[in-house]
Amino acid sequence: GDSVTQMEGPVTLSEEAFLTINCTYTATGYPSLFWYVQYPGEGLQLLLKATKADDKGSNKGFEATYRKETTSFHLEKGSVQVSDSAVYFCALSGKAAGNKLTFGGGTRVLVKP
Amino acid sequence: NAGVMQNPRHLVRRRGQEARLRCSPMKGHSHVYWYRQLPEEGLKFMVYLQKENIIDESGMPKERFSAEFPKEGPSILRIQQVVRGDSAAYFCASSPGTGEETQYFGPGTRLLVL
């Protein structure tokens, strides 16, 4: 079945540091890929997505590129802020799975001033 | 997650009681998904519904759990005879169902079973 593996946290960074969160997947066919962010006590917010190979999703300074050859969708941000402290979830969905989302385990990021 | 409404936000039940969780999708969305997030874990798919139909319930526990999405009104996730292991955050998401597959999440219901 489909699966998503992302790096375990917590990841602790200083403000303005470079952030990378690795995400790899296993899926049938050509899934769409997503990054969601969850702030403390809240629901999930869509951060960015990519629907086909080589697409780059971007939002709020975050980027991720759909790499079919390495089955990866790593999240990056060049200069993090304290407000980026949250849990980040990589996810995939595919029509073969009825569009249900399969999530990675989440990576907690803590940015210190 | 703008527009997807869930209530209650917090629910406390004693073992053996029933829990009813409600989800109103975004306006114009006809597809609803329920996910469960256990403490310190990722989200796990439970069930996918369209109006008056259960499309995929492969993630639902076989007993005590049920879901519906009636023609009128919100989607309901019902847990009968709750046990402590049911304590979790339950999230609802909706999508338009027109080929746009992005799901938009509600704020969740945090269930605590005493």
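Because the structure is predicted, anything quoted here is derived from the model rather than measured. Letters A, B, ... mirror the listed sequences (proteins, then strands); counts begin at 1. Side chains are part of it too, since the values below use all heavy atoms of this structure and drop only hydrogens, waters and symmetry mates.
- Between B:Gln103 and B:Tyr48, the side chains place no donor N or O within less than 3.5 Å of an acceptor N or O (distance only, hydrogens not considered).
- Residue contact with chain A, scored on non-hydrogen atoms closer than 4.5 Å, is absent for B:Ile55.
- Here A:Leu33 contributes atom CG and A:Leu101 contributes atom CG; the two are 10.5 Å apart, rounded to the nearest 0.5 Å.
- Heavy atoms closer than 4.5 Å to chain A are found in the side chain of B:Gln37, but not in its backbone.
- In this structure, the portion of A:Gln38 lying under 4.5 Å from any heavy atom of chain B is its side chain and not its backbone.
- In terms of modelled atom types and a separation under 3.5 Å, the side chain of B:Lys51 and the main chain of B:Lys71 share a donor-acceptor contact.
- Using a cut-off of 4.0 Å between Lys/Arg side-chain N and Asp/Glu carboxylate O, B:Asp86 and B:Arg64 are scored as salt-bridged.
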